[in-house]
Undergrad: 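Please find one structure pasted underneath; my questions will follow.
Just so it is clear: chains get the letters A, B, ... in the order the sequence lines come, proteins before strands, and each one is counted from 1.
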Amino acid sequence: MEEAPKSLNFIEHIIEEDLSNGFLKKNLRFRFPPEPNGYLHIGHASSISLNFGLGLRYSAPVNLRFDDTNPAKEETEYVEAIKKDVKWLGYKWDTERYASDYFQQLYDWAVQLIKKELAYVDSQTSEEMAIQKGTPTEKGTDSPFRNQSVADNLSLFEKMKNGDFKEGTHVLRAKIDMSSSNMLMRDPIIYRILHKAHHRTNTDWCIYPMYDWTHGESDYIEQVSHSFCTLEFAMHRELYDWFLDQVYDETKVRPKQREFARRNFSHTVVSKRKLLKLVEEGVVSGWDDPRMPTISGLRRRGYTPESIKSFAETIGIAKRDNVVDVSLLEFHIREHLNKISPRVMAVLDPVKLVITNYPEGEEEWLDAENNPEDESAGDRKVPFSKELYIEKQDFREEANRKFFRLKVGGEVRLKNGYIIKAESCTKDSDGNITEIQCTYDPKSKSGSGTEESLRKVKGTLHWVSIKHAIASEVRLYDRLFTDETPDAHKDKDYMEFINPESLKVITAYVEPSLKTALPGDKFQFQRLGYFNIDVDSTSDKLVFNRTVTLRDNWAKLQQKN
RNA sequence: UGGCCCAUGGUGUAAUUGGCAACACUGCUGUUUUUGGUACAGCCAUUCAAGGUUCGAGUCCUUGUGGGCCAACCA
């Protein structure tokens, strides 16, 4: 067997090129740098899988670094949630770091910058500074504080640090170039005053470093070789390099920032700000609501780490704008769940079916295969009796021959059971079918090997025995937004596209083998879809989440007509 | 009106770096099937446009066109 050479994405090409230009493989180091201001979402899964995947590919360490420079938004709850999600995905970080670990070093370097006349304290209002900053097409003008003496700058910065000033009264800025075509180079702010307690450093600091000053220097401190971020940071690269130049020591690894396009997904939003709004306004029950595109939401919905990782690998990494269709994610979860989930029978929308020639009071336990895709999954027993539930949709009083299900005068096999024939049905005053009367062929029992049992009938239905079934809560989810790109409309807010039917709660009847199922357990409800037990489930009341439906050619056919 | 980035099927990515446009998803046709599932087979593009370099261009150059990003004491 020849090994097909795996194609590389542009990031991997960059690394391969660095390696062939003499960069030492042992110096490779990556990082995943979330800000703990929200939960990780499916878009982060790409970044996680990129960075940790690179670590695996090159046997290089990957740090988990929290970018915690803004105490106003960041919380320990998010740190814990992020760690849990990364672990759940199956990745191991080399060391757990925090940008806040470097506050002292960052401060010392800032003092150096002032001494080298590369930074100054600006005491104007943010409005004044905004005006001086110019616009993308007009150059900025110098701040009146730009040439303040080193001594004054030093003393003011010291006072900022000591908490002598109110928020917003002073900032430390880098002295670069107010006429640069890159707005970020127009004397960017390095430090601002914030009298807020930080989740790790508490009230030790009254000044906090800005992202640009922090990120590259943190990469440098950790000796990260390649620092990957999303495209909107491309313009920051010039500043990243400028800051690095001020502290760089030739004997060390110089981190390199490169940018890739963030992944967008159809029928949802992936912006922590927008997701937070859904949580705060109660549109969903929390960050882990199964409709949320967060890792924790997907986990609760029934997605597996394997499916998320194979999905991330399939969609890849590139630089162009994109909207990944959710059907691709759904393919990966179906693919995995098809292999691992036990099949069970459950009826979501029941109608009573009576087998008139089946002995009253009799019951038998039939053999049922747990998973046709996995022989080692074994068998189980399911109870059969005279009165059953089947899906309303599986019966029609009359239908054409395209309808492979039950109709009066027609035959169908009950999965793992007998071939039955519908004789009649009864209806209520509104014409709704309330009961179906059938006869069964006692010799047609599945697996019995009789001639009758080998007969081919076109349809096979799932069912549950009414007497044995467990009434359970089932939560049916649909996409959270009705629009393919809810946040891409200039004239409409994404909140206007919320799908009012994204959650439907019903009572369903499941086979008794499910009695002992535990939260997180995954099943295929035959002919319906994949479901998993929700954390709300108790021993008294089972609660299932529908992860995803099975592919359904019949439904497609129906839609066309 | 300045700067930076991007452009390959309906969608997302490839193309041994200049050598027959490939993979997956979706959709559509069939086959198999005690899940209208799964599995299997087949179908769906002259790579944004126009020039140029070259024996040869998705790939290099030029000019357009279209899209994204940049004026938070956010990251």
Undergrad: What would the secondary structure line of RNA chain B be in dot-bracket form, counting Watson-Crick and G-U wobble pairs under 3.5 Å, with [ ] for pairs that cross earlier ones and | for pairs with another strand?
TA: .((((((..((((.....[..)))).(((((.......)))))....(((((..]....))))))))))).....

Undergrad: Mind calculating the distance between CZ (A/Phe331) and C1' (B/rU11) to the nearest angstrom?
TA: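 Computing the A/Phe331:CZ to B/rU11:C1' distance gives 14 Å.
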
Undergrad: Please classify the nucleic acid contact of A/Gln124 as base, sugar-phosphate, or nothing, using heavy-atom distances under 4.0 Å.
TA: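 Base contact.
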
Undergrad: For the residue pair A/Phe481 and A/Tyr494, does the interplanar ring angle fall in the parallel (under 30°), tilted (30 to 60°) or perpendicular (over 60°) class?
TA: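 Rings of A/Phe481 and A/Tyr494: tilted, as their planes differ by 30° to 60°.
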
Undergrad: Has A/Tyr211 got its ring stacked on B/rA75, by the test of a centre gap below 5.5 Å and a plane angle below 30°?
TA: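 According to the criterion (under 5.5 Å, under 30°), no, A/Tyr211 does not stack.
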
Undergrad: By the 4.0 Å heavy-atom rule, please label A/Arg551 as base, sugar-phosphate, or nothing.
TA: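 Sugar-phosphate, backbone atoms only, no base.
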
Undergrad: Starting from P on B/rC28, measure out to CG on A/Asp552 and report it in whole angstrom.
TA: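 Checked: the CG to P distance equals 12 Å.
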
Undergrad: Under 4.0 Å between any heavy atoms, over every strand shown, what does A/Pro34 touch: base, sugar-phosphate, or nothing? Just pick one.
TA: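 No contact at all - A/Pro34 keeps every heavy atom at 4.0 Å or more from the nucleic acid.
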
Undergrad: Choose from B/rG36, B/rG12, B/rU35 the nucleotide whose nearest atom is closest to any side-chain atom of A/Phe403.
TA: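 Selected nucleotide (nearest to the side chain): B/rG36.
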
Undergrad: Looking only at side-chain atoms of A/Ile189, point me to the closest of B/rG68, B/rC73, B/rU35.
TA: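 Closest nucleotide among those given: B/rC73.
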
Undergrad: For the side chain of A/Thr460, starting at C-beta, report the closest nucleotide among B/rU35, B/rC73, B/rG2.
TA: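 Output: B/rU35.
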
Undergrad: Categorize A/Leu550 for me: base, sugar-phosphate, or nothing, with a 4.0 angstrom heavy-atom threshold over every strand shown.
TA: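 Base, at least one base heavy atom under 4.0 Å.
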
Undergrad: At under 4.0 Å between heavy atoms, what does A/Phe66 touch on the DNA or RNA strands: base, sugar-phosphate, or nothing?
TA: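 Since no nucleic acid heavy atom lies under 4.0 Å of A/Phe66, the category is nothing.
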
Undergrad: What distance, rounded to whole Å, do you find between the two C1' atoms, one in B/rG2 and one in B/rA71?
TA: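 The same atom, C1', in both gives a distance of 12 Å.
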
Undergrad: By nearest atom, which of the nucleotides B/rA75, B/rU13, B/rU34 is closest to the A/Glu35 side chain?
TA: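 The closest nucleotide is B/rA75.
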
Undergrad: Counting heavy atoms from C-beta on, name the nucleotide in B/rC70, B/rU33, B/rA75 closest to the side chain of A/Arg192.
TA: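 The answer is B/rA75, which lies nearest to the side chain.
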
Undergrad: Consider the side chain of A/Pro136, meaning its heavy atoms from C-beta on, and name the nucleotide among B/rG37, B/rC73, B/rG2 that approaches it most closely.
TA: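 Selected nucleotide: B/rG2.
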
Undergrad: With sugar-phosphate meaning primed atoms plus P, OP1 and OP2, does A/Leu184 contact a base, only sugar-phosphate, or nothing at under 4.0 Å between heavy atoms?
TA: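 Nothing: the residue A/Leu184, judged by heavy atoms under 4.0 Å, touches no strand.
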
